[in-house]
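Every chain is numbered from 1 and lettered A, B, ... according to where its sequence line falls, protein lines coming before strand lines.
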Amino acid sequence: MDAPVPVRAPLSLHVPEPPQRPGSEIDFSTLAVPPAGTARRPDTDCPAADMTDLAYDLVRVLDDQGHAVGPWDPALSPDTLMRGLRSMMMVRAYDERMQRAQRQGKTSFYMKCTGEEAIAVAQAMAVDRGDMLFPTYRQQGLLIARDWPLVNMMCQVFSNAGDRLKGRQMPVFYSSKEAGFFSISGNLGTQYSQAVGWAMASAIKGDTRIAAAWIGEGATAEGDFHHALTFASVYRAPVILNLVNNHWAISSFHGIAGGERTTFAARGLGYGIPSLRVDGNDFLAVFAATRWAAARARANLGPTLIELFTYRAAAHSTSDDPAKYRPENAGAHWPLGDPIDRLRQHLIALGIWSEARQEDLAREVAEVVQAAGKEAESHGTLDKGPFQSARTMFEDVYKTMPWHLERQRQQAGV
Amino acid sequence: MATMTMVQALNAAMDVMLTRSGDVVVLGEDVGYFGGVFRCTDGLQRKHGRSRVFDTPITEAGIMGIAVGMAAYGLRPVAEMQFADYIYPACDQLISEAARLRYRSGGEFTAPVTVRAPYGGGIFGGQTHSQSPEAIFTHVAGLKTVIPSTPYDAKGLLISAIEDDDPVMFFEPKRLYNGPFEGYHDRPVVPWAKHPASAVPDGHYAIPLGKAATVRSGTAVTILAYGTMVHVALAAARDAQVDADIIDLRTLVPVDIEAIETSVRKTGRCVIVHEATRTGGFGSELSALVQEHCFHHLEAPIERVTGWDTPYPHAFEWEYFPGPARIAEALRRVMEE
């Protein structure tokens with residue numbers, strides 16, 4: 001006789017939910033934030049297996065009083081710190097201006113990076129100008145920190161006659177070979193393996209330049225993230241793999257991307273890639289970690305994965321209303337603070353800055369952005385033009401226009 | 001001048017290009033030490049080094065993403081997809097990235113990647129080792145699609161593909177890799193390894209992309225074909241004793257419209273042959289082009305002879321793809337009009 005079938009409890013599916021939804025109190029109290037200065041700093045040739053703790057810890061340099069503490073303090077010069085502050089403020093002012101332009105109908109779409117300014121700015125400053133950057137749409141700070149003209153960026157947002165991308169890309173999908181800023185794709189994650197390929201090419205040619213890539217925590221679920229880590233690890237590619245955990249992929253919180261069970265930095269460990277988890281709102285920590293990773297790459301020690309722990313303080317884009325899925329104004333309560341405020345506080349604590357000088361700088365930055373905005377709009381806006389000739393629509397599909405496109409161009413009458 | 005199989009000709013093309021330019025690299029599954037499952041890259045790693053010719057992890061999407069990044073750096077990667085059937089995971093990097101990089105960056109970044117892939121039936125590969133996916137890529141703006149039919153063309157076209165500044169899909173008819181160059185599909189099969197190879201010049205020569213070849217001159221009917229089907233069409237014309245003008249397209253995008261137009265205007269009849277499934281196949285595009293460009297010269301409806309709209313079978317591959325008998329039948333039909 002068969003044994004009786006045991007009674008079993010029904011199975012149930014776990015679908016992650018964020019701790020708070022609209023209407024509830026904002027509560028970040030469960031977030032473990034270690035004190036600044038406590039994370040250890042291994043030598044750059046440390047194997048991944050000997051630094052697994054750093055994939056779960058949080059590298060922080062600036063303490064609550066604005067002092068730089070611990071082994072990761074990059075000991076930057078006042079000049080470098082000032083440039084960092086100015087660039088971050090420029091990014092924020094630029095975002096404000098472009099967001100307003102979108103509301104005025106001058107462009108179709110815009111994406112701010114509020115709260116994440118330290119990531120792009122510090123990272124651009126911590127690598128060499130010749131290194132190639134493969135960003136997502138929230139690293140406009142890379143271009144600004146590399147002094148790429150604001151007018152140029154704005155013309156792209158407006159798709160106007162001065163748009164170097166000839167009205168083809170969505171606003172904010174910048175591209176500049178000269179600035180070492182790779183063309184942005186709307187398909188998430190693709191730039192990750194491309195950056196590894198670029199880095200491998202640099203190594204094949206015996207070049208000294210390295211590559212850096214950015215991805216959001218949500219897009220780590222894309223295949224390209226994993227292909228990139230496999231190739232980077234296998235061929236020891238000179239690349240910095242940055243992973244911006246801003247906790248939100250449009251309305252999906254980081255738990256949906258797999259952030260409930262482990263850190264995103266820990267994903268690198270399975271590939272044998274040294275992985276750091278870094279306070280993304282701490283300019284000094286971001287700078288120090290990036291420089292550490294760059295030193296590794298330049299010494300042929302291979303890739304590093306850096307999780308930049310931060311919070312998307314603003315909406316995903318101008319087409320998104322975060323109040324529909326999370327408590328209003330959650331970003332203002334982010335326990336790791338605001339990156340600009342924290343660096344300003346540090347400069348004041350160092351005795352090289354003051355609130356009065358901060359106000360002067362804010363005024364100066366606003367003026368620069370305003371002047372750039374006026375100039376950019378003089379080349380046209382999306383609602384009014386002027387644009388480049390529609391003929392350009394048929395160009396650059398191939399290096400030389402083939403017969404069928406030439407024919408279609410004639411049919412289009414352009 | 002040497003006598004070569006298509007595999008040897010492709011190998012020679014890569015060897016020439018690896019020698020001529022330090023920017024050319026060859027990557028793919030098993031292409032390094034082993035020289036590829038079809039032996040196309042045999043000996044290239046030994047000769048050119050491991051950082052120029054190397055094995056990759058089993059990820060077509062990864063290979064393609066890496067190749068795009070390498071090309072953006074300034075290299076000219078030749079990426080092998082072990083079978084054309086495996087390209088689908090790589091499609092995002094191919095279609096959304098490689099194909100559009102020049103366009104979306106205003107011409108600043110380019111992706112001169114050559115994607116080599118053995119396609120088609122004839123080796124009893126079942127539904128995962130026999131497909132002809134070329135039509136998918138001809139639909140993608142920014143990609144060029146090339147398919148050789150002889151060792152001579154294979155070498156010259158592959159050299160052109162590697163030298164081309166746009167991404168090129170290079171589909172290799174694996175049934176022709178080692179011969180034969182006769183298309184006996186629906187009659188007793190001749191072991192192809194015993195068939196003679198053809199003469200291929202040494203060193204560098206290029207066959208321009210976008211230029212078709214007339215492989216048989218005739219006046220009664222035009223046959224448009226590419227890859228393996230060129231040889232099947234030749235056999236069919238012989239069998240049907242029809243004075244066919246047979247055009248080997250060589251490049252599907254950009255297609256040689258002049259060659260098509262000249263031939264169909266001369267013959268007034270057109271039969272299109274390909275191995276891929278019929279619906280939405282490249283034959284549909286060719287048929288539309290002939291209709292647009294040559295309507296007033298046509299004396300019979302355009303005929304298409306293609307693979308069936310089914311996945312590729314294992315046991316019945318000889319019934320699946322067009323053989324001389326099916327083409328001959330189409331030729332007789334158009335000649336009756």
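When only modelled atom types and interatomic distance are considered, A:N187 and B:E97 share no side-chain donor-acceptor pair under 3.5 Å.
Heavy-atom distances place no part of A:F225 under 4.5 Å from chain B, backbone and side chain included. Contacts of A:T230 with chain B are made by side-chain atoms alone, with heavy-atom separations under 4.5 Å and no backbone atom involved.
Using a 4.5 Å heavy-atom threshold, the side chains of A:E178 and B:E108 count as separate. Looking at heavy atoms from C-beta onward, B:S105 lies out of side-chain contact with A:K177 at the 4.5 angstrom threshold. Using a 4.5 Å heavy-atom threshold, the side chains of B:T56 and A:Y235 count as touching. Residues B:D164 and A:Y398 form no side-chain contact, since every pair of their non-hydrogen atoms from C-beta on lies 4.5 Å or further apart. Annotation: side chain of B:R104 is not in contact with side chain of A:D396 (no heavy-atom distance under 4.5 Å). The shortest distance between side-chain heavy atoms of A:H404 and B:V255 does not fall below 4.5 Å.
With respect to chain B, the highest number of heavy-atom pairs below 4.5 Å among A:T392, A:T190, A:I204 belongs to A:T190. Residue with the most contacts toward chain B among A:Q191, A:Q169, A:E395: A:Q169 (heavy-atom pairs, distance under 4.5 Å). Among A:V196, A:D224, A:D163, the residue making the largest number of heavy-atom pairs under 4.5 Å with chain B is A:D224.
Geometric assessment of A:R168 against the ring of B:Y103 yields a positive cation-pi assignment under the 6.0 Å and 45° thresholds.
Paired with B:Y73 under the rule side-chain contact (heavy atoms from CB on, under 4.5 Å), one option of A:K205, A:M200, A:M132 passes, and it is A:K205.
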